[in-house]
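Okay, so here's the structure we're looking at.
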Amino acid sequence: MSHIFPRHTAMRPPRATKGDGCYIVDETGKRYLDAGGAAVDCLGHSDEKVTKAIKDQLDRIAFAHTGFFTSDTAEALADRLAEHAPGDLDSVYLVSGGSEATEAAIKLARQYHLERGEGKRARIIARLQSYHGNTLGALSAGGNMWRREPFGPLLVEMSHIDPCYAYRGQKDGESLEDYGLRVANALEAEILKQGPETVAAFIAEPVVGATMGAVPAVPGYFKRIREICDKYGVLLILDEVMCGMGRTGYLYACEADDIAPDILCIAKGLGAGYQPIGAMLCTKEIYETIEKGTGFFQHGHTYIGHPTAAAAAGAVLSRLVDDGLVERCRSMGTRLEKALAERFGQNPHVGDLRGRGLFRGIELVADRETKEPFDPSLKINAAVKKAAFARGLMCYPMGGTIDGKRGDHILVAPPFIIEDAHIEEIVDKLDGAIKDALGAQGIAV
């Protein structure tokens, strides 16, 4: 009997015993191709440069609390993140993961306005079908209903507007640009409804990951969002925890939309799974407001700025930038996109193929022509995940794509080091898993 409290008490997962490039090996020797277990492992599972950086740091010092010390690795990592960051992002607050990054961003937005004498600004506006983490503040910002429901009484009140989700929201005869402006203008309407003097920030994912399956914004959407935020003095927080750090073919995902936020959150790909780490970046103006005010950001966790985690992330960042793996992600993403389109483009139960770089989504539907989703009771996404895993493929299927209850999608996010043979393996095993899952329900493909 295991004393581990698992994610699901009915699940007894195999034990991972070894990492080998794009694969995880279990205790029986079975190999699983990591095509997006959680969009973390951008370098695979056995990168020698990263593991060496960790070992070397452990020989020097493993941990020093930031209430007393900084470290060479934390300073160097912050320098490089700021060097490559878009816009005026200049200060880096290191944390231990994505939820912590979001919590830090929300609290910094509030304190920034408070120190400027705008104490009424406390409301956060986010989007439906978003996911920003599982801590209570991050969950409050998230717009996925099934994640929120059990904890509703504990959540902070925030506003949620419609996402930019062209496959479901674009009207007949409406251009992508017009659709983007229409849904972006919902932010202005919500700011005016709440009162501009009460709104602290708007938070969004440049490419929505877990809850919708690699949905990028349409052209012009985020430029209009930036304009609205500037007009009303609202901070723009971009959550790149899943889509950032090269995953979409850009080191920072917002580069594709040619904008820069006031606060940006990263995690997952920053540590690439080798150490738990995340970061919140903010503009020089926000930092100087705190510096010239109280000087004290009322936040913090024990392991922020962890020297060993920072050493790992520094090595990861070097691999991404210096070794050209961001560009490789973009080129291999084009090949994966083509392979998915060739295999699933005419599948009667694939409604949409989308994404950027090696961040790809497949939306499954009961009827391709009408876009009718499968009955949620069938739990198609869970069946696909189980069937894919049995075939030796890790992917990220989820349900509730449309409104938190209806809809099924599969997120595919393999390491940037994949080769053409891995793409072929992903497509073949995913095709088989979809057929297994639908066939079990008597649905022909």
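A quick note: this is a predicted structure, and the numbers were derived from the prediction, not measured.
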request  = If the plane angle is over 60° it's perpendicular, under 30° parallel, otherwise tilted; pick one for H299 and H301.
outcome  =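 Aromatic pair H299/H301 classed perpendicular.
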task = Return the orientation label for the Y165 and Y167 ring planes: parallel under 30°, perpendicular over 60°, tilted otherwise.
result =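 Y165 and Y167: tilted rings.
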Within the side chain of [X], is there an N or O that forms a donor-acceptor pair under 3.5 Å with the backbone of [Y]?
| X | Y | answer |
| --- | --- | --- |
| D262 | L236 | yes |
| S99 | G133 | no |
| R335 | D420 | no |
| D34 | G37 | yes |
| T334 | R330 | yes |
| N347 | H349 | yes |

task = Verify salt bridge (charged side-chain N to carboxylate O under 4.0 Å, His left out) between R168 and D403, making sure each step is shown before the conclusion.
result = CA-CA 11 Å; R168 293 285 176 183; D403 54 12; over 6 Å; no
Taking everything shown except [X] itself, do over 12 heavy atoms lie less than 6.0 Å from its [atom1]?
| X | atom1 | value |
| --- | --- | --- |
| Y303 | OH | no |
| I4 | CD1 | no |
| F63 | CZ | yes |

query = Can you name the residues that form a ring-ring contact (aromatic ring centres under 6.0 Å, His included) with H113, not counting sequence neighbours?
reply =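 By the ring-ring contact (aromatic ring centres under 6.0 Å, His included) rule, H113 matches no residue at all.
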query = Of all residues at least two apart in sequence or in a different chain, which pass the ring-ring contact (aromatic ring centres under 6.0 Å, His included) check with F344?
reply =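 By the ring-ring contact (aromatic ring centres under 6.0 Å, His included) rule, F344 matches no residue at all.
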request  = Measure across R328 and S331 and return the closest heavy-atom pair with its distance rounded to 0.1 Å.
outcome  =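 Taking every non-hydrogen atom into account, O-OG, 3.0 Å.
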Side-chain contact test, heavy atoms from C-beta onward, threshold under 4.5 Å: evaluate it for [X] versus [Y] and give yes or no.
| X | Y | value |
| --- | --- | --- |
| T51 | Y274 | yes |
| R319 | D47 | yes |
| H45 | D20 | no |
| L336 | P414 | yes |
| V92 | L77 | no |
| V350 | E363 | no |

message = Checking K435 now: which residues fulfil side chain to side chain contact (heavy atoms under 4.5 Å, CB included) with it, not counting sequence neighbours?
response =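 With sequence neighbours excluded, K435 shows a side chain to side chain contact (heavy atoms under 4.5 Å, CB included) to D431, V445, given in chain and number order.
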request  = Report the residues that fulfil side chain to side chain contact (heavy atoms under 4.5 Å, CB included) with P276, sequence neighbours left out, ordered by chain and then residue number.
outcome  =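 P276: no side chain to side chain contact (heavy atoms under 4.5 Å, CB included) contacts found.
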task = Hey, could you give me each pair passing side-chain hydrogen bond (donor to acceptor under 3.5 Å, both in side chains) that has a residue in residues 202-224? Not counting sequence neighbours.
result =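 Counting only pairs at least two positions apart or across chains, the side-chain hydrogen bond (donor to acceptor under 3.5 Å, both in side chains) contacts touching residues 202-224 are R127-Y221, N185-R224, E188-R224, K223-D258, R224-E227.
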query = Do Q275 and T308 have side-chain N/O donor and acceptor atoms under 3.5 Å apart?
reply =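 The answer is no; no qualifying pair exists.
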Quick test of your reading of the model: are [X] and [Y] salt-bridged, counting only N-O distances below 4.0 Å?
| X | Y | result |
| --- | --- | --- |
| R354 | D352 | yes |
| D56 | K52 | yes |
| E240 | R247 | no |
| K107 | E103 | no |

request  = Assess R31 against Y23: is NZ or CZ under 6.0 Å from the centre of the six-membered ring, and within 45 degrees of the ring's axis?
outcome  =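 Output yes; distance and angle both within limits.
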task = Identify whether NZ of Lys or CZ of Arg in R356 sits under 6.0 Å from the centre of the six-membered ring of Y250 and within 45° of that ring's axis.
result =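 Here R356 fails the 6.0 Å and 45° test against Y250.
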Acceptor/donor pairs from residues 388-395 side chains to any protein atom, 3.5 angstrom cut, sequence neighbours excluded:
residue: R391; atom: NE; partner: D436; partner atom: OD2; Å: 2.9
residue: R391; atom: NH2; partner: D436; partner atom: OD1; Å: 3.3
residue: R391; atom: NH2; partner: D436; partner atom: OD2; Å: 3.1

message = Run L353 and R360 through side chain to side chain contact (heavy atoms under 4.5 Å, CB included) and show every step you take.
response = CA-CA 7 Å; L353 296 167; R360 295 286 160 183; over 6 Å; no
request  = Could you check K49 against D323 for salt bridge (charged side-chain N to carboxylate O under 4.0 Å, His left out), going step by step and ending with a plain yes or no?
outcome  = CA-CA 11 Å; K49 290 185 178 180; D323 294 347; 3.0 Å; yes
